[in-house]
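Report on the structure given below.
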Amino acid sequence: MTLVNFNNRTRNTAPYFNNVFDSLFSDAVTKNKMVDKSPNVNIYENEAAYVIELAAPGLKKEDFQINLKKDTLSVWAEVKKDETQVAKDFTRKEFDYSSFARSFNLPDSADGDNITAEYKDGILSINISKKDDAKLQHKEIVVS
């Protein structure tokens, strides 16, 4: 199979219009700060717990709220910044509100009573202990 460079523009269309439309659409999607506010997440399991790591740099630990309702763990943060700059002839005031929310369904083997969270170096780590019967037990099996 050969890869072919595909150009959808026709000769009758003004190239300027196509370039403006294409750049307007792609800039709106890629450069808009509000498009992707959900933090990236790593989820892994060790023998004693499940660990969720959220990349959320620039926040403080007071900005986070973590809630467990039945088997759903919800994490959200809200940051409000109010910046005022006064110069000779003008005053500029900018508001910046940002927030995100993520929810995770916990497995039956998760112990909802033993959940801890730590925020360090821009990473929120949530440790969810496993129930005693669900912890991985090392056992050697002899072949007969």
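Remember, it's a predicted structure, so these values are computed and weren't measured experimentally. One is the number of the first residue; the rest follow in order along the sequence.
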So, do [X] and [Y] sit near enough that their side-chain heavy atoms are less than 4.5 Å apart?
X: Thr116; Y: Ile126; answer: no
X: Ile115; Y: Asn127; answer: no
X: Lys130; Y: Glu45; answer: yes
X: Tyr119; Y: Ser125; answer: no

Interatomic distance, CD1@Ile128 vs OG@Ser109, rounded to 0.5 Å, equals 10.0 Å
- Message: Using only atom types and a distance under 3.5 Å, with no angle test, would you say the side chain of Arg102 pairs donor to acceptor with the backbone of Ser74?
- Response: no
### Lys131 (side chain) donor-acceptor with Gly112 (main chain) under 3.5 angstrom
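No; judged by distance alone, with no hydrogens or angles, the pair does not exist.
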On a heavy-atom basis, the closest approach of Pro39 and Phe100 is CD-CD1, 3.4 Å
Output side-chain donor-acceptor pairs under 3.5 Å for residues 51-72, partner residues at least two apart or in another chain, one line each.
| from | atom 1 | to | atom 2 | distance (Å) |
| --- | --- | --- | --- | --- |
| Asp63 | OD2 | Lys60 | N | 2.9 |
| Gln65 | OE1 | Trp76 | NE1 | 2.3 |
| Thr72 | OG1 | Asn105 | OD1 | 3.3 |

Which residues satisfy the side-chain contact (heavy atoms from CB on, under 4.5 Å) test with Asn114, sequence neighbours excluded?
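By the side-chain contact (heavy atoms from CB on, under 4.5 Å) rule, Asn114 matches Asp111, Ser129.
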